Colleague: 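I'd like to ask some things about the structure below.
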Amino acid sequence: MEGITLGIAIAASALIFFLPPIYSLVVYIAALAWYPQYLSVPVGTIDFTLRRIVILAIFANLFLRTSLPRRFKFIWLDKLVVIYFLCQILAGAFTSKLLTAFLENRAGAVFDMVLPYFAVRMIVTSRKEYLTLLKSILIIAAPLAVVGFYQCLTGNNPLGFLKEYHAWRSSAVYRPILRHGFYRADVTFPMSIMYGLFFAMFGPLCAGILRSAKKYKYEILCWVGVGLMGVGIFSSMSSGPILAGLLSILFIAVYRWRKYWKPIVIIIIIMCGSVEIISNRHFYDVLGGFTLNPGTAWYRSKLIDVALFEGGMSGHWLAGYGYNAEPGWKDKIDGRDHTDIVNHYLLILSRYGLVGLLPFLAMNMVVVKKLVDAYKASTLDSDKWIVWCVLAGIFGLAGAFMSVSLFGQPTTIYYMMIGFAGVMPAIITKAKPKSLIIPNACL
């Protein structure tokens, strides 16, 4: 499959040089969604997946054929993305037994995390381009959701045979997994959770089209596309994506009553605090009972207890245990053969300690601030709705991080979402300064 992967990569890369920059992102997202990332082309000790080759072509096109890099201006969010990445390397320098292997791993991560972020920041420069990208994502995602639903109903993955060519698992084969009478769809993704997260992350953002679409004839098609995003989430039969989707939907539903956001936040805090005081369990443990599989929810709750309150990070708070190192929490939870860190915050803390977690949290705080600033500055209701939907996606994912950790394609999507937050203040319609508003009496 290496030859086929390379051939498709060359074709996709060549196509990018004939398209406007915004459509190069469309090609990239299509490659990310429809071609398995466990198929790669090894170059030395680094595996080049299709998306890694395509992102290089995007930047080559940007620097050789456009003026976008010259017009690019650094903002604090850009710096924090880089700082977070450098902090990972700093922590790894103290914890990695094989520093060379760790640096090679992080070099590969640059292609999946940092470059997609800066591609979005450079390319998406207008509201029209952003909406064009969202429409394209709906077109890419719709058939992916249909194939996933078919797999969910029948257990047959039309692309499952590709797992036999897995770059890192020589004996990998597709095996249908049953849950609650349905099969867990994964299609081209490494596992069903990551497949569901694709829709849970892009779905709320694509809902931002709906108010703008009212002016045009494609409103129904947009509703169908967004609805299929929900089908994709369901087809994964995974609690993490469903949690992210439900939280995003709740956030979007609050849009009508957004002026009451302060009382809503206070009520939520009081409810969670009451559970902590009255119950003998933590609030996140109680919420776990409402997931698809309360048994796995118990594991996630216990994971938090062990890591934070029962000495799990003792002696490793500063720089963590190291990348892919076993923290030894499994013996305090259920005695499984490894610690499955199904919590993205704890994954970062375990790998990089506070050296990595603090800049990660700071980066996300700036993401929220950027979106809030864009929302306050926008004058059109359709623009406020667009920003609100991005906030909904970030909010849903932040909650889902308590029950799932990212890898594969969703890692790249996450950094693209951060990029969307970074460009949002520049692409929405802003209010005019008061000094430029001419009184009617003067007209």
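What you see is a predicted model; the values in this text were computed from it and never measured. One is the number of the first residue; the rest follow in order along the sequence.
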Colleague: May I ask you to check whether over 12 heavy atoms, not counting those of Phe72, lie within 6.0 Å of atom CZ?
Modeller: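 Above 12, so yes.
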Colleague: Answer yes or no: does atom CG of Leu98 have more than 12 heavy-atom neighbours from other residues, nucleotides or ligands under 6.0 Å?
Modeller: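 No - once you tally the heavy atoms of other residues, nucleotides and ligands closer than 6.0 Å, there are 12 at most.
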Colleague: Should the heavy atoms of other residues, nucleotides or ligands under 6.0 Å from NZ of Lys128 be counted, would the total exceed 12?
Modeller: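 Count not over threshold, so no.
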Colleague: Just by distance, with hydrogens left out, do Thr339 and Glu326 show a side-chain donor and acceptor under 3.5 Å apart?
Modeller: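 Thr339 vs Glu326: donor-acceptor pair found between side chains.
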Colleague: When you compare the side chains of Arg184 and Ser236, does any donor N or O come within less than 3.5 Å of an acceptor on the partner?
Modeller: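 The answer is no; no qualifying pair exists.
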Colleague: Just checking, is any N or O donor in the side chain of Asp186 or Gln151 under 3.5 Å from an acceptor N or O on the other one?
Modeller: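 Result is yes, a qualifying pair exists.
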Colleague: Let's go through Ser382 and Arg127 carefully: what are the C-alpha distance in whole Å and the side-chain angles of both, what is the deciding distance for side chain to side chain donor-acceptor pair (under 3.5 Å) to 0.1 Å, and is it a yes or a no?
Modeller: CA-CA 11 Å; Ser382 58; Arg127 182 180 187 272; 3.0 Å; yes
Colleague: Check whether the side chains of Tyr150 and Asn157 place a donor and an acceptor atom closer than 3.5 Å, and report yes or no.
Modeller: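 No, no side-chain donor-acceptor pair sits under 3.5 Å.
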Colleague: Can you classify the ring geometry of Phe182 versus Phe234 as parallel (below 30°), tilted (30 to 60°) or perpendicular (above 60°)?
Modeller: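 If you compare the ring of Phe182 with that of Phe234, the planes turn out perpendicular.
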Colleague: Is it the case that the side chains of Asn364 and Tyr84 hold a donor-acceptor pair, with the cut-off being a distance below 3.5 Å and no angle test?
Modeller: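 Short answer, no.
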Colleague: Hey, are Tyr195 and Ser238 close enough side-chain-wise for a donor-acceptor pair under 3.5 Å?
Modeller: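 Result is no, nothing qualifies.
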Colleague: Using a 6.0 Å distance limit plus a 45 degree cone around the ring axis, check whether Lys163 lies over the aromatic ring of Tyr174.
Modeller: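 Checked: cation-pi criterion not met.
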Colleague: Answer yes or no: is there a side-chain heavy-atom contact under 4.5 Å between Leu77 and Tyr117?
Modeller: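 Yes, close enough: below the 4.5 Å cut-off.
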Colleague: Is Tyr375 reaching over with its side chain to a backbone N or O of Trp385, donor-acceptor style, under 3.5 angstrom?
Modeller: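 Not a single qualifying donor-acceptor pair exists.
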Colleague: Strictly by modelled atom types, are Glu104 and Thr100 linked by a side-chain donor-acceptor pair under 3.5 Å?
Modeller: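 On atom types as modelled, these side chains do not qualify, holding no pair under 3.5 Å.
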Colleague: A cation-pi test, strictly: NZ or CZ of Arg258 under 6.0 Å from the centre of the six-membered ring of Tyr255 and no more than 45 degrees from its axis. Yes or no?
Modeller: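 Yes, Arg258 lies over the aromatic ring of Tyr255.
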Colleague: Count the heavy atoms belonging to other residues, nucleotides or ligands that lie under 6.0 Å from CG of Leu318, then report whether that count exceeds 12.
Modeller: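 At most 12 heavy atoms, drawn from other residues, nucleotides or ligands, come within 6.0 Å of this atom.
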